[in-house]
Amino acid sequence: MTSDNDRRRGLLARLRGRPVARSRGRRRLGAAVRLVAALMLAGGAYTLLAPSASAQDNPPLSGAAADGKALFDVSCVTCHGRNAQGVEGRGPSLIGVGAASVEFQVSTGRMPMARQEAQAQRKPEVFSPDEIDQLAAYIQQLGGGPVVPAGDNLHADGNVAVGGELYRINCSQCHAFSGGGGALSSGKYAPSLSPATDRQIYAAMLSGPQNMPVFGDNQITPEQKADIIAYIQQSLKHDSDPGGVFNLGRYGPSTEGVAIFLVGIVALVFTSLWIAGKS
């Protein structure tokens, strides 16, 4: 009897536990169904809203930028790729370089580049000023970046004395004290500043072409940039040669010292030979 009673109690306990187990299973199944429904609802909402979000991320190009894209697709896409994302072994990405880089490279004729070299050389520009502005507008709208201030005279408020000090600290190591430029490693060089305009100098400081470092507004403020440009335009380009008529390229005292030494030695040798012949 005892064993029968125990079996009955166990059976009743198992029967009582089934509804509990079933209710737990139903709750889990219901939670899974709700989760799937929520995921499907979120996916449907994303599908509906994704096109509008994409349209906001890629706004339509302005008129100048659209014209610049047409020029880019004809003259630049081979090396820099579609959407200016670059082509390995041909040209870098232009995303984020800004209008300043485009203005410097294109207005100095360095771009389009005729062939791959250690450094792009200055040559007559291919595009007109309006076309350069259009290319710059396209690259600027495509990825943003530094922009040169408006106007052609960017050194009107510059301090020549302060600019000279800043130039000697930041620029003379490569461009020489006279602005005549100088050789660098691996076939590269710092170009002469003689033909550079205000906008080209400003754009070079913002974009850092070739081996030149980038001098953003955090490193050199816009006021200091105006000072440097004032020194280059008003002092380096117009100062007379303090060493005399023959400036020897204005590369500094080392060149002049070597020239004087060689001329002096040659003169002394010929003088010695002349004295020996007379005696």
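Remember, it's a predicted structure, so these values are computed and weren't measured experimentally. FYI, side chains are in, hydrogens and waters are out, and symmetry mates aren't considered; it's all heavy atoms of this structure.
- When all heavy atoms are compared, the tightest approach of Ala84 to Ser93 is O-OG, 3.4 Å.
- Side-chain contact between Gln121 and Met113 is absent, with no heavy atoms from C-beta onward closer than 4.5 Å.
- Of all heavy-atom pairs between Ile169 and Gln173, the closest is O-NE2, 2.8 Å.
- No donor-acceptor pair under 3.5 Å is formed between the side chain of Glu103 and the backbone N or O of Asp133.
- His175 places no side-chain N or O within donor-acceptor distance of the main-chain N or O of Ser192, the cut-off being under 3.5 Å.
- Atoms CD and OG, from Gln134 and Ser62 in turn, are 9.5 Å apart once rounded to the nearest 0.5 Å.
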Which pairs of donor and acceptor atoms, one on a side chain in residues 258-278, lie under 3.5 Å apart (sequence neighbours left out)?
from	atom 1	to	atom 2	distance (Å)
Thr271	OG1	Ala267	O	2.6
Ser272	OG	Leu268	O	2.8

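- The CG atom of Leu135 sits 10.0 Å away from the CG atom of Asp67 when rounded to the nearest 0.5 Å.
- Under the 3.5 Å distance criterion, the side-chain polar atoms of Asn159 are left unmatched by any main-chain donor or acceptor of Asp227.
- Rounded to the nearest 0.5 angstrom, Ser194 OG and Gln233 CD are separated by 9.5 Å.
- In this model, a donor atom of one side chain and an acceptor atom of the other lie less than 3.5 Å apart for Thr108 and Arg110.
- With a 4.5 Å cut-off on side-chain heavy atoms, Leu184 and Cys174 count as touching.
- Considering only heavy atoms from C-beta on, Leu236 comes within 4.5 Å of Tyr167 through its side chain.
- Within 6.0 Å of atom CD in Glu165, 12 or fewer heavy atoms from other residues, nucleotides or ligands are found, so the atom counts as exposed in its surroundings.
- Counting only heavy atoms from C-beta outward, the side chains of Pro222 and Asp217 approach each other to under 4.5 Å.
- Nearest heavy-atom pair across Pro195 and Gln200 is O-OE1, 3.9 Å.
- Side-chain atoms of Gln219 come within 3.5 Å of backbone N or O of Gly216 as a donor-acceptor pair.
- Side-chain contact check for Phe72 versus His80: some heavy-atom pair is nearer than 4.5 Å.
- For Glu117, the CD atom sits in a packed shell: over 12 heavy atoms of surrounding residues, nucleotides or ligands are nearer than 6.0 Å.
- Of all non-hydrogen atoms in Leu154 and Asp198, the two that sit nearest each other are N-OD2, 3.0 Å.
- Of all heavy-atom pairs spanning Lys123 and Met111, the tightest one is NZ-N, 4.4 Å.
- Side chain of Lys225 to backbone of Ile220: a donor-acceptor contact under 3.5 angstrom is found.
- Closest approach of Ile132 and Val106 over heavy atoms only: CG1-CG1, 3.6 Å.
- For Asp157, there are no salt bridge (charged side-chain N to carboxylate O under 4.0 Å, His left out) partners, not counting sequence neighbours.
- Side-chain atoms of Gln210 never come within 3.5 Å of backbone atoms of Gln119 as a donor-acceptor pair (strictly under, hydrogens ignored).
- Around the CZ atom of Arg90, the shell of radius 6.0 Å holds no more than 12 heavy atoms that belong to other residues, nucleotides or ligands.
- In this structure a side-chain-to-backbone donor-acceptor pair under 3.5 Å is present from Arg199 to Pro149.
- Side chains of Arg122 and Pro191 form no contact here, defined as non-hydrogen atoms less than 4.5 Å apart.
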